[in-house]
Amino acid sequence: MMRKTTRYILRQLVGPLLFITFGITGVVWLTQSLRFIDLIVNKGLSILTFLHFTMLLLPSILTLISPIGLFCAVIYTYDRLTMESELVVLRAAGFSGFQLAGPALVLAAIMTLVCYTFSLYLMPLGFRAFKDQQFNLRSDYSRLLLQEGAFNPIGDDVTVYVRAREPNGEILGILVHDHRTSGRPLTMMAERGALVRTPEGAKLVLFKGNRQEIDRDTRQLGLLYFDEYTLYLTEYFEGLDDRWREPRERFLHELFGTPQDDADHYFAKEMRAEGHNRLVSPLYCVAFTLVALAGLIGGEFNRRRTWRRIGITGVCGVALQGIGLTLINGAVNTPVLVPLIYASVFLASGAALYLLVDQGRRRTGAALATDPHTA
């Protein structure tokens with residue numbers, strides 16, 4: 001009987017959990033994706049590449065949304081079971097409040113493990129790939145930032161005009177004005193070319209063109225025809241290996257490890273706070289579930305006070321989430337707040353668990369007191 005009841009309530013919980021979690025995740029993902037829509041409209045990025053690019057954000061979104069989705073699913077499911085008198089029947093059959101809460105706690109434990117998988121592995125992996133791809137897209141001038149029919153500035157001292165761009169990255173009808181050397185501006189024209197990245201740095205390779213330079217002393221124009229000419233642009237393109245990785249891109253051992261450079265030392269507090277956030281975020285699955293259960297199945301059954309219970313439970317959940325976010329943000333500048341991050345979750349979970357157990361004992365005690373066979 002107990003196993004059948006557990007499986008039944010679990011099935012009732014899984015549907016709303018998936019619907020709410022993926023529904024909210026879809027909305028958040030869509031709003032985040034709109035920030036990069038210009039990559040399609042203005043930069044020529046394909047739809048499939050854009051979808052892959054933005055899908056890399058899903059692990060970080062799911063890490064945040066999953067505990068909230070579980071909280072809403074528990075409230076919805078147990079409220080529906082209460083309104084349809086199913087919980088009343090189970091209580092009359094001898095099920096305690098803690099036994100009725102068992103299926104939700106099992107699901108909370110499963111979701112905690114899932115969230116730890118997201119938080120400790122998939123989120124930094126996805127966000128690292130996202131930032132790497134974003135860096136490459138923003139640095140790929142030949143495909144994205146060299147617009148056809150426009151003068152494209154590269155840094156402050158080089159301007160490139162492109163008549164047309166081929167799908168393979170080759171550019172046609174090129175004019176380059178380079179005034180990096182004070183007093184010696186250069187102008188180059190070429191039939192075709194390409195911007196390539198090499199281990200030595202980025203360079204613009206021009207084919208079939210000429211280089212023009214005016215001598216400052218004689219005021220004479222110097223003209224050089226070439227079949228191939230290389231213009232180095234190393235200072236404008238940071239190498240991928242040189243890019244400092246943000247805290248969200250790092251795995252747990254990197255967040256708590258020894259700083260490797262000056263940037264790591266400067267952002268050490270942010271990295272520590274991110275590491276603690278990774279460890280505590282999945283625990284909200286259990287904390288939110290216990291808060292929802294204490295609010296929905298604790299105390300005496302009364303249909304007229306259902307919305308009041310839901311309102312109070314919702315306020316408690318929002319308060320718990322708000323306190324957690326405040327402590328995480330505060331821990332960046334005030335590391336002494338780190339223990340409070342864990343304390344807030346454990347205290348909320350302990351208080352909710354105490355209400356469930358204590359109310360179950362009171363109900364059992366009241367039943368024994370009114371049982372004539374115990375007299």
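Computed from heavy atoms alone, side chains included, the values below leave out hydrogens, waters and symmetry copies. The residues of the chain are indexed from 1 along the displayed sequence.
Checking side-chain atoms of Arg192 against main-chain N and O of Leu172 turns up no donor-acceptor pair under 3.5 Å. Under a 3.5 Å cut-off, the side chain of Tyr229 and the backbone N or O of Ala190 do not form any donor-acceptor pair. No donor-acceptor distance shorter than 3.5 angstrom exists from the side chain of Thr21 to the backbone of Leu18, with no hydrogens or angles considered. For the pair Asn329 (side chain) and Leu325 (backbone), a donor-acceptor distance under 3.5 Å is present. When atom types are taken as modelled, the side chain of Gln321 and the backbone of Val318 share no donor-acceptor pair closer than 3.5 angstrom. Side chain of Trp29 to backbone of Thr54: a donor-acceptor contact under 3.5 angstrom is found. Although no hydrogens or angles enter the test, the distance criterion places a donor-acceptor pair under 3.5 Å between the side chain of Tyr78 and the main chain of Leu100. Side chain of Thr77 to backbone of Val74: no donor-acceptor contact under 3.5 angstrom is found. Remark: the backbone N or O of Thr258 is paired with a side-chain donor or acceptor of Gln260 at under 3.5 angstrom. A donor-acceptor pair is defined here as one N or O able to donate and one able to accept, closer than 3.5 Å; no such pair exists between the side chain of Asn277 and the backbone of Ala273.
In this structure, SG on Cys115 lies 8.5 Å from CG on Leu70, to the nearest 0.5 angstrom. Atom CE of Met55 and atom CZ of Phe53 lie 13.5 Å apart (nearest 0.5 Å). Atom-to-atom distance recorded for Leu221:CG and Gln212:CD is 5.5 Å, nearest 0.5 angstrom. Phe22 CZ to Ser66 OG: the interatomic distance, rounded to the nearest 0.5 Å, is 7.5 Å. Rounding to the nearest 0.5 angstrom, the gap separating the CD1 atom in Ile297 from the OG1 atom in Thr82 is 8.0 Å. Separation of atoms CG (Asp227) and CG (Leu206) is listed at 12.0 Å; rounding is to 0.5 Å.
Counting heavy atoms from C-beta on, the side chains of Ser344 and Leu327 come closer than 4.5 Å. Taking the side chain as every heavy atom from C-beta outward, Leu279 and Phe256 approach each other to under 4.5 Å. No side-chain heavy atom of Val28 sits under 4.5 Å from any side-chain heavy atom of Leu57. Between Phe130 and Glu249, the closest side-chain pair of non-hydrogen atoms is not below 4.5 Å. For the pair Thr5 and Leu90, the minimum side-chain heavy-atom distance is below 4.5 Å. Glu228 places none of its side-chain heavy atoms less than 4.5 Å from the side chain of Lys208. Annotation: side chain of Thr334 is in contact with side chain of Leu337 (closest heavy-atom distance under 4.5 Å).
Sparse packing is recorded around OH of Tyr76, with 12 or fewer heavy atoms of other residues, nucleotides or ligands lying under 6.0 Å away. The 12-atom threshold is exceeded at CZ of Arg250, counting heavy atoms of other residues, nucleotides or ligands nearer than 6.0 Å. Heavy-atom neighbours of Asp261 CG from other residues, nucleotides or ligands within 6.0 Å: above the threshold of 12. By the 6.0 Å contact criterion, NE2 on His52 is open, its count of non-hydrogen atoms from other residues, nucleotides or ligands being 12 or less. By the neighbour-count criterion of 12 heavy atoms within 6.0 Å, atom OH of Tyr266 is sparsely surrounded, having that number or fewer from other residues, nucleotides or ligands.
Annotation: Tyr342 is in aromatic contact with His276 [ring centroid separation under 6.0 Å].
Neither Leu113 nor Leu107 shares a network with the other; the hydrophobic side chains, linked directly or stepwise wherever heavy atoms of I, L, V, M, F, W or Y lie under 4.5 Å apart, form separate groups for each. Cluster membership for Leu120 and Met123, using ILVMFWY side-chain heavy atoms within less than 4.5 angstrom, is not shared. Using a 4.5 Å cut-off between side-chain heavy atoms of Ile, Leu, Val, Met, Phe, Trp and Tyr, with links allowed through other members, Tyr121 and Leu62 fall into the same hydrophobic cluster. One hydrophobic cluster, built from ILVMFWY side chains closer than 4.5 Å, holds both Ile9 and Phe95. Hydrophobic clustering, with ILVMFWY side chains joined whenever heavy atoms are under 4.5 angstrom apart, keeps Val162 apart from Met189.
When each of Val291, Thr289, Ile20 is paired with Phe71, the side-chain contact (heavy atoms from CB on, under 4.5 Å) condition holds for Val291 and for no other.
Scanning both residues, Phe207 and Gly193, for their nearest heavy atoms gives CD1-CA, 4.0 Å. Summarising the geometry of Ser349 relative to Leu290, their closest heavy-atom pair is O-CD1, 3.6 Å, with the distance given to 0.1 Å. The two residues Pro185 and His177 come nearest to each other via the heavy atoms CB-CE1, 3.8 Å. Closest heavy-atom contact between Leu293 and Ala101: CD1-CB, 3.4 Å. Nearest heavy atoms, Met271 versus Glu254: CE-O, 4.3 Å. For the pair Asp178 and Met188, the tightest heavy-atom approach, listed with the atom from each and the gap, is CB-CE, 4.1 Å.
Among residues at least two apart or in separate chains, there is no salt bridge (Lys or Arg N to Asp or Glu O under 4.0 Å) pair with a member in residues 7-32.
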Practice item. Tell me, with the steps shown, if Ile310 and Asp79 meet side-chain contact (heavy atoms from CB on, under 4.5 Å). Key: CA-CA 8 Å; Ile310 294 175; Asp79 177 63; 3.7 Å; yes
Exercise for review: Dump the intermediate steps for side-chain contact (heavy atoms from CB on, under 4.5 Å) on Thr159 and Val176, then the final yes or no.
Suggested key: CA-CA 6 Å; Thr159 303; Val176 181; over 6 Å; no
Review point. Given the rule in the side-chain contact (heavy atoms from CB on, under 4.5 Å) test, do Tyr116 and Leu283 qualify, once you have shown the distances and angles that lead to the verdict?
Key: CA-CA 9 Å; Tyr116 267 122; Leu283 297 178; 3.6 Å; yes
Practice item. Show your working on side-chain hydrogen bond (donor to acceptor under 3.5 Å, both in side chains) between Glu86 and Tyr8 and close with a plain yes or no. Key: CA-CA 11 Å; Glu86 293 183 61; Tyr8 172 74; 2.6 Å; yes
Practice item. Check step by step if side-chain contact (heavy atoms from CB on, under 4.5 Å) holds for Arg211 and Glu213. Key: CA-CA 7 Å; Arg211 170 189 170 189; Glu213 179 181 0; 3.2 Å; yes
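The existence of a salt bridge linking Arg245 and Asp132 is confirmed by a sub-4.0 Å separation between a basic side-chain nitrogen and an acidic carboxylate oxygen. Under the 4.0 Å criterion applied to side-chain N and carboxylate O atoms, Glu270 and Arg272 are not assigned as salt-bridge partners. For the pair Lys269 and Glu274, the salt-bridge criterion is not met [side-chain N within less than 4.0 Å of a carboxylate O].
Taking the six-membered ring where the residue is Trp, Tyr284 and Phe288 present tilted rings, their angle falling between 30° and 60°.
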